[in-house]
Amino acid sequence: MEINFPFSTSRQNPSLMLPTPPTFTKMASMAFPVVQSPRNSTPIFSSNKEQTQNWNALKFVRGKKLLKDLSTWGIGGPCNYFVQVFHQTHLLSAIRYCREFSIPYVVIGKGSNCLFDDLGFDGCVILNQIDFLERMEPGVYRAGSGFRFNHLGSLSCNEGFTGLEFAAGIPGTVGGATYMNAGANGQETANVIESVDIVTTEGNFRTLNRIDLTFGYRSSSFQDMDNLAAIVAATFRLERSGSAKKRQQELLKRRRATQPVNERSAGSVFRNPVNLGVSAAELIDKAGLKGCSIGGAMVSNIHANFLVNNGASTSQDMLNLIALVKDKVDSKFGVELEEEVLYFHPYWNYANWER
């Protein structure tokens, strides 16, 4: 998944202004909301709206793109605007369009860490398809932020380089992995990043070197950048290794045996507690929650930190199950689990963004 911040300006276009939200919760990568989704609200899309709009060679689809088709969880209603970008200039044009007309926006990749609401999103969803790959020198790869992270992991190991063995099991993009500092099995994205190219909300391109960036467990400097519009590309420097491919195959075999790879999930829902020596999955399992379900949402019987969509889960089912898991673990062990996944309120806008 790639997730970047929404943006709206003070310049208002009355025909495009958002309605006052019936319910609001802050949506942040650091604090997952436990909310009652606005079930009685008017759907985001109404049939009298224009179907498509063309702007600077970009095609914006109005109200017809279902977010469930853009999320690995398979949950989510229509977004008001939808556009695909294949180059950094397209991305900049899409951001300028949203800025020009005060439209909140979000940039996503594979949607592997997103929970969209069934009502949809009253803003613009920009699907990042910037998926180029450049080999700068042996072991140094520059990849577009929309490039599949698992493909980069497999490719680099096949070419005899270590550092991204874990990436073959991460179903997201380079941009999302960089933003969230994805990791597994003792490795994480930050360990091999050399530089990251971004575009700011002012429309400027910048290159940030590793020394300019701070990373932590599932966190990065990007999550606190006020002027970040989107990650455009990242450069990785890897070391040569004769055992990288073998280790990656072992990790993939273990993943297939211990994770519900054939079910609709968003990967690990909760971050592992810091300095407790126990994982979130272990706490959820010991709380007796494997197999627990609400509506179409269920705690996986294979891996307790995976909440799966059995085919009919609503966003509220998933929100309620997340809240239940947190409550049970807190009651039994006194541990407050923190979410990795990001929930998008249908009426999220810049004025409501709280850090």
Side-chain angles (χ1 to χ4, degrees), residues 1-4 57-58 70 72 83-95 107-114 126-185 187-199 205-210 212-213 215 220-222 228-249 251-252 255 267:
M1 174 217 74
E2 177 174 349
I3 163 68
N4 301 124
L58 292 176
L70 303 176
T72 57
V83 65
Q84 299 184 70
V85 296
F86 297 88
H87 188 272
Q88 65 181 33
T89 57
H90 299 157
L91 176 60
L92 183 56
S93 292
I95 291 169
V107 183
I108 68 168
K110 297 301 180 185
S112 58
N113 218 30
C114 304
I126 303 172
L127 181 61
N128 183 357
Q129 304 274 36
I130 306 172
D131 61 354
F132 68 84
L133 180 68
E134 300 172 351
R135 292 169 175 81
M136 312 300 288
E137 60 183 82
V140 180
Y141 302 88
R142 181 173 181 263
S145 52
F147 193 83
R148 288 183 299 153
F149 196 52
N150 54 8
H151 187 44
L152 178 62
S154 297
L155 182 148
S156 60
C157 285
N158 287 340
E159 294 182 358
F161 296 98
T162 183
L164 288 175
E165 289 91 330
F166 77 97
I170 306 294
T173 60
V174 163
T178 302
Y179 181 86
M180 293 297 294
N181 189 22
N185 306 112
Q187 295 180 320
E188 58 183 19
T189 308
N191 294 342
V192 291
I193 281 182
E194 182 166 88
S195 64
V196 180
D197 301 326
I198 67 169
V199 60
F205 291 103
R206 294 177 57 195
T207 297
L208 302 174
N209 295 318
R210 179 63 180 84
D212 303 318
L213 301 169
F215 292 91
S220 71
S221 305
F222 305 107
L228 174 71
I231 294 170
V232 174
T235 301
F236 303 87
R237 181 173 291 275
L238 310 181
E239 300 293 329
R240 189 167 290 282
S241 170
S243 60
K245 184 174 181 179
K246 180 180 179 182
R247 181 167 186 255
Q248 185 173 78
Q249 290 172 338
L251 293 177
L252 286 172
R255 177 176 179 266

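Here the structure is a predicted model, which means the values were calculated and not measured.
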Measure the [atom1]-[atom2] distance between [X] and [Y] for me, rounded to the nearest 0.5 Å.
X	Y	atom1	atom2	result
Thr235	Tyr141	OG1	OH	13.0 Å
Leu252	Phe166	CG	CZ	12.0 Å
Ser145	Leu91	OG	CG	7.0 Å
Thr207	Asp212	OG1	CG	10.0 Å
Ile198	Phe222	CD1	CZ	6.5 Å
Thr178	Ile231	OG1	CD1	5.5 Å

Side chain to side chain contact (heavy atoms under 4.5 Å, CB included) between Val107 and Val85: does it pass, once the steps are laid out?
CA-CA 10 Å; Val107 183; Val85 296; 6.0 Å; no
When you check the side-chain N and O atoms of Ser195 and Asn209, is any donor under 3.5 Å from an acceptor?
no
Does [Y] offer a backbone N or O that forms a donor-acceptor pair with the side chain of [X] under 3.5 Å?
X	Y	value
Asn181	Ala190	yes
Thr189	Ala182	yes
Gln248	Gly153	yes
Ser220	Tyr179	yes

Check [X] against [Y] and note the closest heavy-atom contact, atom names and distance.
X	Y	result
Cys157	Lys245	O-CB, 3.8 Å
His90	Leu58	O-CD1, 3.5 Å
Ala143	Leu133	CB-CD1, 3.9 Å
Asn150	Pro171	ND2-CA, 4.3 Å
Val192	Gly163	CG1-CA, 3.9 Å

Partners meeting ring-ring contact (aromatic ring centres under 6.0 Å, His included) with Phe147 (sequence neighbours left out):
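For Phe147, the residues satisfying ring-ring contact (aromatic ring centres under 6.0 Å, His included) (neighbours in sequence not counted) are His151.
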Under the rule for ring-ring contact (aromatic ring centres under 6.0 Å, His included), what residues qualify as partners of Phe236, not counting sequence neighbours?
none
Only counting residues at least two apart or in another chain, list the ones meeting side-chain contact (heavy atoms from CB on, under 4.5 Å) with [X].
X	value
Leu70	Lys65, Leu67, Phe82, Ile108, Val125, Leu127
Glu134	Phe132, Met136, Arg142
Ser243	Ser241
Asn191	Glu188

For residues [X] and [Y], determine if any side-chain heavy atom of one lies less than 4.5 Å from a side-chain heavy atom of the other.
X	Y	answer
Phe205	Asp197	no
Ile95	Val199	yes
Thr173	Phe149	no
Leu155	Arg148	no

Pair Ile170-Lys110, side chain to side chain contact (heavy atoms under 4.5 Å, CB included): steps then yes or no
CA-CA 10 Å; Ile170 306 294; Lys110 297 301 180 185; over 6 Å; no
[X]: which residues meet the side-chain hydrogen bond (donor to acceptor under 3.5 Å, both in side chains) condition with it, sequence neighbours left out?
X	result
Thr89	His87
Gln187	Glu165
Ser93	none
Arg210	none

Determine which pairs satisfy salt bridge (charged side-chain N to carboxylate O under 4.0 Å, His left out) with at least one residue from residues 232-243, sequence neighbours left out, and list them in order.
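Pairs touching residues 232-243 that pass the test: Glu137-Arg237, Glu194-Arg237.
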With sequence neighbours excluded, give me every salt bridge (charged side-chain N to carboxylate O under 4.0 Å, His left out) pair touching residues 167-183.
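Not a single pair qualifies under salt bridge (charged side-chain N to carboxylate O under 4.0 Å, His left out).
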